[in-house]
Amino acid sequence: MRVMPNLFEGKIKESSIFLNRDIMLPSYTPERLPFREKQIEEMVSVLSAAVDDHKPDNLFLYGKPGTGKTSCTRHVLNQLDEFVRAKGLAVKIVYMNCRHYNSKYKVLSRIVQGLYPDRDFIGYSGTFIYENLLKYCKENACRLIIGLDEIDKTKDLDELIYALTRANDELQNSSISILGISNQLMFKDRLDPRTKSSLCERELVFPPYNAEELRAILKDRVKMAFKPDVVEESAINLAAAIAAQESGDARTAVMLMLRAAEIAEQGNHSKVTDKEVKKAKERVEEEIVMDMICSLPEQQQLVLYAIARLTTDKKGIKKLSNEECVLCSGEVYDEYRKIAEKVKASSVSIRWFQEYINELEMYGLLLTTNSGKGFRGHTRLIKLGFDGEKIRSILEKHLLA
DNA sequence: CCTCCACAGGAAGCGCAGGAGT
DNA sequence: ACTCCTGCGCTTCCTGTGGAGG
């Protein structure tokens with residue numbers, strides 16, 4: 001009997017372009033953080049109080065996504081941890097993301113769990129957990145530093161901050177400091193004024209990167225992740241320029257380059273050039289649009305589908321004087337009703353249909369203008385924002401499934 | 001000029017779900 | 001466990017608007 005080859009045989013492929021693909025993934029924490037020297041220095045100067053056996057001020061970091069907040073924090077906290085371990089200092093560090101630990105109870109449990117790794121705190125009351133937090137600080141006379149990433153995701157943040165800052169009143173040779181990180185500057189205004197002033201004893205802004213900085217960051221990563229001379233200089237420049245224009249976000253730039261590299265690999269090209277970056281950008285944009293369409297409520301999908309059908313079937317299309325092809329909202333509503341009936345879905349009133357049109361326009365999926373001369377009465381002229389065939393085919397799969 | 005058309009969009013209110021308060 | 005409240009999605013009703021057509 002012939003032995004079948006294992007299914008995974010031949011799946012280990014030597015990449016022709018990557019040295020280490022992981023370096024291009026969002027989870028990678030870079031060791032060097034260029035253009036953030038000032039922020040790192042500031043963080044170190046605040047936290048160094050702990051090394052000196054004083055309470056560090058609470059520190060609040062904010063800036064848009066991909067501006068290096070998390071990477072810098074991780075880096076600084078790692079360094080601090082390494083340092084205090086080597087010197088045998090009583091400094092404890094707990095870091096977590098509040099997207100997962102999104103309530104006072106969950107955050108406190110996570111902290112205490114980190115302090116007592118051998119014990120299990122599942123199921124105990126909030127008070128018991130809080131008591132244990134205080135007990136640990138008192139017994140170990142330690143400086144506790146709590147890093148809370150995406151702190152704005154915590155539901156009862158006022159109470160959490162209050163509990164943590166009030167703990168300091170009961171502690172003498174020990175303390176608790178908070179290092180909060182947020183993407184949203186505005187969220188501070190939703191807080192209780194007392195919470196705000198205690199959380200934001202010290203603040204640090206992470207501004208977006210400009211194109212020049214993104215270029216340097218990307219170049220650095222590319223050097224580590226790819227084989228030499230695989231990525232062309234101009235491709236790096238283009239990816240940096242696109243990311244700078246869109247968001248000033250290093251993550252976008254790196255993701256774009258990763259996509260471009262994957263496109264090159266699929267096409268068996270040994271080089272990543274402008275062409276791949278451009279293609280990657282298009283593909284990313286298309287994916288965003290398609291994801292958006294798929295996550296729309298069913299009724300809005302039906303409305304969009306009606307518009308896509310009329311557009312691709314060239315039914316009911318009016319040509320404007322400037323050659324633009326548009327649809328009138330009344331006809332779209334009729335078509336929508338017909339389609340809804342066909343797929344046995346309910347349909348909404350014309351008033352609500354208008355709101356759907358507004359919403360779809362807000363998402364950029366539609367473009368509308370008010371009718372002027374040449375149209376009876378007062379109607380809205382509707383046009384698709386993206387390719388009709390693509391929208392139609394994706395919605396057909398989605399709605400008829 | 002008046003009336004009609006074809007719609008936009010405001011206001012009020014309804015039914016329901018989920019959360020807060022007790 | 002219970003009620004009460006609130007927000008959401010939606011319908012119904014209404015008023016406004018501006019060109020077309022007689």
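Keep in mind the model is a prediction, meaning the values are calculated, not measured. Lettering follows sequence order; numbering is per chain, from 1.
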Item to check | Rounded distance in Å - CD1 (A/Ile382) to P (B/dA6) | outcome: 16 Å
Item to check | Between CG on residue A/Asn132 and OG1 on residue A/Thr127, distance to nearest 0.5 Å | outcome: 11.0 Å
Item to check | Nucleotide-resolved protein contact map, nucleotides 9-21 of chain C, B/S/- at heavy-atom distance under 4.0 Å | outcome: SBBB----BBSSS
Item to check | Pair A/Arg283 + A/Glu287: basic N to acidic O under 4.0 Å | outcome: no
Item to check | Residue list, ring pair (Phe, Tyr, Trp, His ring centres under 6.0 Å) with A/Phe386, at least two apart or on another chain | outcome: none
Checklist entry - Taking A/Arg380 as the fixed residue, which of A/Asn370, A/Asn358, A/Thr369 is the one that meets the side chain to side chain donor-acceptor pair (under 3.5 Å) rule? => result A/Asn358
Checklist entry - Counting just side-chain N and O atoms, does A/Ser329 come under 4.0 Å of either OP1 or OP2 of B/dA6? => result no
Checklist entry - How about A/Tyr62 and A/Phe206: are their ring centroids closer than 6.0 Å? => result no
Checklist outcome for this item: Separation of B/dA20 atom P from A/Glu159 atom CD, nearest Å, is 12 Å
Checklist entry - A/Leu381 has an atom CG; how far is it from atom P of B/dA6, in whole Å? => result 15 Å
Checklist entry - CD of A/Glu355 versus P of C/dC8: gap in Å, rounded? => result 14 Å
Checklist entry - Hey, is the side chain of A/Gln354 poking within less than 4.0 Å of OP1 or OP2 on B/dG9, counting only N and O atoms? => result no
Item to check | Heavy-atom pair with the smallest gap, counting every atom of A/Asp57 and A/Glu201 | outcome: CA-OE1, 3.3 Å
